[in-house]
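So the structure is just underneath, and the comments pick up after that.
Here is how names work: the chains are called A, B, and so on, in the same order as the sequence lines, proteins then strands, and each is numbered from 1. Side chains are part of it too, since the values below use all heavy atoms of this structure and drop only hydrogens, waters and symmetry mates.
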Amino acid sequence: MLDTGVTAWMLVSASLVLLMTPGLAFFYGGMVRGKSVLNMMMMSFGAIAVVGVIYVLWGWSMSYGSSVGGIFGNPFDQFGLGGSFDPVTVLNEDTGAFMPTIVDVGFQATFAIITVALVSGAIADRVKFGSWMVFAAVWVTLSYFPLAHMVWGGGLLSDEGPFVFGDAAPIDFAGGTVVHINAGVAALVLALVVGKRKGFGTEPMRPHNLPFVMLGAALLWFGWFGFNGGSAYGADEAAGLAWVNTTTATAAAILGWLLTEKIRDGHATSLGAASGVVAGLVAITPAAGDVSPLGAIVVGAVAGALSALAVGLKYRFGYDDSLDVVGVHLVAGLWGTVALGFLATETGLFYGGGLAQLGVQVVIALVAIAFSAVVTLVVALAVKATLGWRVTEESEVGGIDLAVHGETAYETIAQGSVIKEVRA
Amino acid sequence: MLDTGVTAWMLVSASLVLLMTPGLAFFYGGMVRGKSVLNMMMMSFGAIAVVGVIYVLWGWSMSYGSSVGGIFGNPFDQFGLGGSFDPVTVLNEDTGAFMPTIVDVGFQATFAIITVALVSGAIADRVKFGSWMVFAAVWVTLSYFPLAHMVWGGGLLSDEGPFVFGDAAPIDFAGGTVVHINAGVAALVLALVVGKRKGFGTEPMRPHNLPFVMLGAALLWFGWFGFNGGSAYGADEAAGLAWVNTTTATAAAILGWLLTEKIRDGHATSLGAASGVVAGLVAITPAAGDVSPLGAIVVGAVAGALSALAVGLKYRFGYDDSLDVVGVHLVAGLWGTVALGFLATETGLFYGGGLAQLGVQVVIALVAIAFSAVVTLVVALAVKATLGWRVTEESEVGGIDLAVHGETAYETIAQGSVIKEVRA
Amino acid sequence: MLDTGVTAWMLVSASLVLLMTPGLAFFYGGMVRGKSVLNMMMMSFGAIAVVGVIYVLWGWSMSYGSSVGGIFGNPFDQFGLGGSFDPVTVLNEDTGAFMPTIVDVGFQATFAIITVALVSGAIADRVKFGSWMVFAAVWVTLSYFPLAHMVWGGGLLSDEGPFVFGDAAPIDFAGGTVVHINAGVAALVLALVVGKRKGFGTEPMRPHNLPFVMLGAALLWFGWFGFNGGSAYGADEAAGLAWVNTTTATAAAILGWLLTEKIRDGHATSLGAASGVVAGLVAITPAAGDVSPLGAIVVGAVAGALSALAVGLKYRFGYDDSLDVVGVHLVAGLWGTVALGFLATETGLFYGGGLAQLGVQVVIALVAIAFSAVVTLVVALAVKATLGWRVTEESEVGGIDLAVHGETAYETIAQGSVIKEVRA
Amino acid sequence: MSKLVTGVIQPHRLDDVKSALEAAGVRGMTVSEASGYGRQKGHTEVYRGAEYTVDLVPKVRVEVLVADEDAAAVVDVVVGAAQTGKIGDGKVWVVHVEDVARVRTGEHGDSAL
Amino acid sequence: MSKLVTGVIQPHRLDDVKSALEAAGVRGMTVSEASGYGRQKGHTEVYRGAEYTVDLVPKVRVEVLVADEDAAAVVDVVVGAAQTGKIGDGKVWVVHVEDVARVRTGEHGDSAL
Amino acid sequence: MSKLVTGVIQPHRLDDVKSALEAAGVRGMTVSEASGYGRQKGHTEVYRGAEYTVDLVPKVRVEVLVADEDAAAVVDVVVGAAQTGKIGDGKVWVVHVEDVARVRTGEHGDSAL
Ligand SMILES: Nc1ncnc2c1ncn2[C@@H]1O[C@H](COP(=O)(O)OP(=O)(O)O)[C@@H](O)[C@H]1O
Ligand SMILES: Nc1ncnc2c1ncn2[C@@H]1O[C@H](COP(=O)(O)OP(=O)(O)O)[C@@H](O)[C@H]1O
Ligand SMILES: Nc1ncnc2c1ncn2[C@@H]1O[C@H](COP(=O)(O)OP(=O)(O)O)[C@@H](O)[C@H]1O
């Protein structure tokens, strides 16, 4: 029987996750200088556009189509949601409750979109829009869909894969590996391939609009209820637990980040609070269904503190991961994935489960890192060799919004200008 | 039996659609100059206020009350949700599943609100707030409720009306005619009656805050999941298909608009991306339940390109449809309505269904255009003759926010001012 | 049986109510001067962080744990959601339909969060962030959880308490007493204890960004559908009625506020519209399930007019309730609570129910006022005596954002600055 | 030796002043935002019942460096183009400049204009 | 002949300076935003671990055209009204103006003030 | 007696100009935003098919009060530090100042700088 309650919740969850990408556009857009906010937002909107179309063509099929060696789904198997596409997804073998698969297509598409958009934070203010769009299309195809297949499509990193040690099967509730480690690694590789912004580390590149950053963080949080809650594939206790863990961990992560800042810098900042929100959300993502609310406090608080410390590494090591995708998504994503080894209520070390779960989690994290790093490097270098990544230095200094999009974000009163020509 | 899943989804959908109108306030508000953003937003908030009250009084009754000639419902039949108001809406005759009708009242009210608010984009920066409020009340009564009745209330343009050619009954899934053609035609008529802004076509009237435009587009998209998804009146495959089509078409429309711009102007703009979002959403509105996801790509891509070209027409023909309600809502709404003639999977030309569906769609579009044009013209002229539409030229140049609302949107540092008087 | 529809709706409602607090951050943040917007927003985000963690520790238990004298729940009873925590909440004794209690935990946590955040509006621009965080933790524990227990946890002010006069039991559908009267009284006490801002009543303290205020109002409204709709604990007619009443009352309140302003000041302002939204939402909160849509129009319209008049009182009486928590939440919350005595469709005076309901409502309002006033006074004075409330006058004049958070909200072009040091 | 002609004008006259100066052969100018206080009345804003008097009105400042002999003509051009005849049209004034340098080349004097 | 008195002052002194000038019979002035660099220390901002030094502090510039004979008095008025005694109070200076025109009427000289 | 040296420069040169002035012993300056019109081309923006020509480009104005004898040197410092050699580098000019007062102390003349 069609479970309308679950279907309703999955429709809502998909809608919530879709909203996360514009949320990210504000989170990122507020953090760059006023002369590049539009470009920053356009990388998110561009990701929605490209991946939104690709997903129904070959994205779903490569994620959930018939497996090719446990690595990726056959893109032709359910190309365009045709072929062997099964319109019904059974939720409960016993009761026969099901939901329409098309709802899951929508839900999954939104995950692919946000993952691509996340990467863009590493290369703010300096890349050609066309190159980004091509990268988005190729990277989602070669890195995201395969990882989604491996983890959620019954592939290599799933509980049907080789990395099951006794009771301990890989746990990635809502995307610690597929989304956050994947995006974080890609961000690091891309930052290295694309190179630093002119003036990185010396010139001021402060957030031009912190309320926008707060707005983005709020929309991300709100959307994340769909991300984590929807990943329960039910309107039940599991979804409720994921919801409460998401909130508790995030609240704790704000406290963790703010305390770290207060002690180190003397100020608890609003950028810190917004960043803590995201760090907490990232860390609880893989764990939302498998820790207790008290465990979630630990996951969150540590994530907040860890990421607050990690965002400074780019200055020390000299890579321009402009908006800290590495410090937030890679670091908190790794922590959340590994924390399950300790805190998973069924199998974690602290709950008497021994070291097996910890081992499994470390292994899947490493495989995800290696896979994402290699694929991203190849794609990034290919784009570099063909289209090139960087806009001219003059465009970067004068503002990428104007150079690339022919626009400026805000009207200024003395902006003397007249309409010259109209093209209809 | 009460279907709590469907009821939950309809409650959510109503909430989502209500959010669209503030979303529109930002979409429109960001696009005007800084000196008239508040007035622009107030036209949306004013529409919520007026229509929100009217709807429970006579709006529901005029839409779904006992029919007067297939043109409108009797306003007294269910005035104030009393009279013959049936608290139960059966969803499935066989299973007896139902939802409470009051939920549908909420859902429908939000459609009426957003339709009125859409119109305001045509007359930015220059009309008296009182005139707008009166227009909103009268127009929703004389144009929107009757069209809603004709299309969804079993009236003239429904599948119970005269325009059923064989298998081909009129299709308007979520409001191509009632909402978008209706609003687009009203916008054109109003732009002509109200006249141009001082400086139209020569002075710069650039968007004062493009991130606000992006925010508005994002909220509109998010809300549109309720608009289209809720129009399935179920938490089922139809809703899921509408959801996926909404996303796919919109993604394709962004690409369509950006490519058109890039080729013609050399830049893919953020305003273009935001506009593409809306064009795609508009075009898929009538079609969301009756095309395949591949069909949705076509609907969206063409809508994006078409509207990108159409927004320049106002300069050529000299009407000041300030924020392109015609270019976006009328054009994309028409395209989406007519595209069903080709792409409807049951009856469309490309699916072997012959020309009947195309004919039906063209006819209902024409009827909607004619009806809306005549009603709007009468109402607009009546307002002109009585209250008048325009603020003084001085108010327009100095800024309508200050003249009409006694406010300015943003604080400026040197704004020398003291509290003079306090009224308590 | 698990009711997935209701569970879905409650998951959504919890998500919506969580979003209200960032919404409030914008509603409040836009209303202060540009030099204190971040601090204003941080008081909301801080409330989320502190209360989000506390709630799963002892918040739930103090609200719904075993009663201590009808005043508060035993904090140890279900501490950390352990102890006698019952994972199942039966919705319907007859059918055995239930929802997972963990979902209710999430839903209730969001109410505690927003209530604390509401209070912050009274003490804008001038208090130490650390003091606020401590106050939030203590006040939610001593004032909010007990009141929630009294009204919703089967305590003193519930229909199991002493204040049931015949048919007339206390009605507080979604939090007129617990949330709004409580927050409003606390705001008044805090404004008096903390004292006025330098320049209050003479220097200009105009909203620095009115579109942010509108955004906040919109997010509040959207979230309020979960607040009121979710308080039906069902996806049914009661939820639908609450939804429609919420919309109708709010629409009417906008009209009420704007008309009052127009008559008194000559302008209908956007700040008035946004404020009307909140006044309407507040007033309908206790009444959403127990009045008719026509009654909701009355509740809303009067609330809008009343609050529009009440916001000036602070100048007359000389207390600096900076963002009118008293004028909006206390006044409209009282009105909504008392209005039930007249308009409750079952027991109200206008529906032939006599004076009993009115009496009950007045009594519970008075008890809530007294309780909140005493508790808040004690907590506020304790904070004053230990940590102190105020930042230095220099920090207040120079901007609390910079002084307390080391940040400024917006980049300015001439902001000459270089990176001096990086801490990793 | 040269002069600095400064005009404080109504913002919506900027385009016309710019065109007029261009037509008069002026090749450069510097523009900035300002607020003016004078005979022109400000306005009143009301926020939640508190009435604020804003007595500064938006203006634009235009600065033009010109050769000594052109100063009087440039003043006339600005006055002519900025004039609407309504109170608040603004002021134009002339100050003596002892030296001008063009940053790009380092050249001084009239050729630097 | 007239003078241009320019004051760069603390923003929160603007209202008082305005009132004092008005009381002293000045009928107009032009105000604009500025940032100052001087003895007054700037501040430090930290964004995700990167510490920025902001050494410019917000100031407001007030410009008053006055008749020759009033210049010294107006300087005193501004200094008096803007003074708080704390570092960063700002500067006032006087420049000779060769000509002033009122845009509205085109009149020149002291009557244009 | 002192001079006012005003420079209109490219915004991204401000940090260097500030440092160079500091190195040259200048203890204070006032900075504000401006827009320039000159040989440097503006740019074109397109909004929904309507092409706008923006012919003003962002500049920063730096004002330094200096003692008479330092004026020439300060001009050179600003020119040197602001120069990139590309069109649009800006102008620097010098005006005679009749009096300077420090608001904080009320002192006049060179000691007020
Ligand atoms: N004495 C003055 N010094 C400097 N600026 C002045 C002075 N008087 C007027 N202004 C500027 O000129 C503008 C117009 O002046 P105003 O007195 O309002 O009108 P009008 O010049 O037409 O009589 C003012 O807003 C102000 O910017
Ligand atoms: N030599 C100067 N040239 C131009 N403006 C100056 C100069 N010195 C100071 N100022 C302006 O005066 C303001 C106050 O100067 P500062 O040295 O901080 O304090 P004070 O004048 O009280 O000693 C500065 O912020 C700057 O705007
Ligand atoms: N005659 C002038 N009066 C005032 N400012 C000028 C003048 N000419 C140029 N400027 C300023 O100098 C800036 C640079 O001038 P421009 O002609 O573009 O380049 P360059 O000085 O390198 O030849 C302009 O943007 C403007 O701000």
Chain B contact via A/A403 - which portion, at a heavy-atom distance below 4.5 Å: backbone
query: Non-hydrogen atoms of chain B under 4.5 Å away: do they reach the side chain of A/I54, the backbone, both or neither?
result: neither
- request: Heavy atoms only, distances under 4.5 angstrom: which of B/R33, B/K314, B/K35 has the most pairs with chain A? Name it, please.
  value: B/R33
Closest heavy-atom pair and its distance - B/L241, A/I102: N-CG2, 3.8 Å
- prompt: Picking from B/A239, B/A296, B/G240, which has the most non-hydrogen pairs under 4.5 angstrom with chain A?
  reply: B/G240
- line: Rounded to the nearest 0.5 angstrom, the CG-NE2 distance for B/L210 and A/H405 is 11.0 Å
query: Looking at B/G5 and A/T4, what are the two nearest heavy atoms and their distance?
result: CA-OG1, 3.3 Å
query: When heavy-atom pairs shorter than 4.5 Å are enumerated against chain B, which of A/N209, A/V404, A/L81, A/V105 gives the highest number?
result: A/V404
field: Greatest number of heavy atom pairs closer than 4.5 Å to chain B - which of A/G52, A/A49, A/A8, A/G130
entry: A/A49
- request: Measure A/F212 against the heavy atoms of chain B and call it side chain, backbone, both or neither at under 4.5 Å.
  value: side chain
- request: Might you point out which heavy atoms bring A/M41 and B/M214 nearest each other, and give the distance in Å?
  value: CE-CB, 3.7 Å
message: Any donor-acceptor pair under 3.5 Å linking the side-chain atoms of A/S15 with those of B/W243?
response: yes
query: Given that the side chain runs from C-beta out, which part of B/D3 has a heavy atom under 4.5 Å from chain A: side chain, backbone, both or neither?
result: side chain
message: Out of B/T247, B/L16, B/D236, return the one with the most heavy atom pairs under 4.5 angstrom to chain A.
response: B/D236
- prompt: So what's closer than 4.5 Å to chain A heavy atoms on B/W221: side chain, backbone, both or neither?
  reply: side chain
B/V6 portion near chain A, given a 4.5 angstrom heavy-atom threshold: both
statement: Note: B/T269 and A/M42 closest approach over all heavy atoms is O-CE, 3.4 Å
field: Atom of B/E237, atom of A/P100 and distance for their closest heavy-atom approach
entry: N-CG, 3.4 Å
query: Under a 4.5 Å heavy-atom cut-off, does chain A meet the side chain of B/L271, its backbone, both or neither?
result: both
- request: Name the region of A/M99, side chain, backbone, both or neither, that has any atom closer than 4.5 Å to a heavy atom of chain B.
  value: neither
query: Of A/L219, A/L19, A/L18, which is the lone residue that meets side-chain contact (heavy atoms from CB on, under 4.5 Å) with B/F222?
result: A/L19
message: Rounded at 0.5 Å granularity, tell me how far CG in A/L402 sits from NE2 in B/H267.
response: 7.5 Å
- line: Ranked by heavy-atom pairs below 4.5 Å to chain B, first place among A/N39, A/V12, A/L215 goes to A/V12
message: Is A/F45 close to chain B through its backbone or its side chain, or both, or neither, when contacts mean heavy atoms under 4.5 Å?
response: both
message: I'd like to verify something: which residue of A/G406, A/G46, A/P22 has the highest number of heavy-atom pairs under 4.5 Å with chain B?
response: A/G406
message: Under a 4.5 Å cutoff for heavy-atom pairs, which residue among B/G34, B/P211, B/A218, B/P293 has the most contacts with chain A?
response: B/P211
field: Toward chain B, the part of A/T21 with a non-hydrogen atom under 4.5 Å
entry: neither
- request: Answer yes or no: is there a donor N or O on one side and an acceptor on the other, between the side chain of B/R206 and the main chain of A/E407, under 3.5 Å?
  value: no
- line: Most heavy-atom pairs under 4.5 Å with chain B, out of A/V51, A/V103, A/V53, A/V37, belong to A/V53
message: So which residue, A/L38, A/I48, A/T7, A/L11, ends up with the most heavy-atom pairs under 4.5 Å with chain B?
response: A/L11
message: Rounded at 0.5 Å granularity, tell me how far CG in B/L258 sits from CZ in A/F129.
response: 5.5 Å
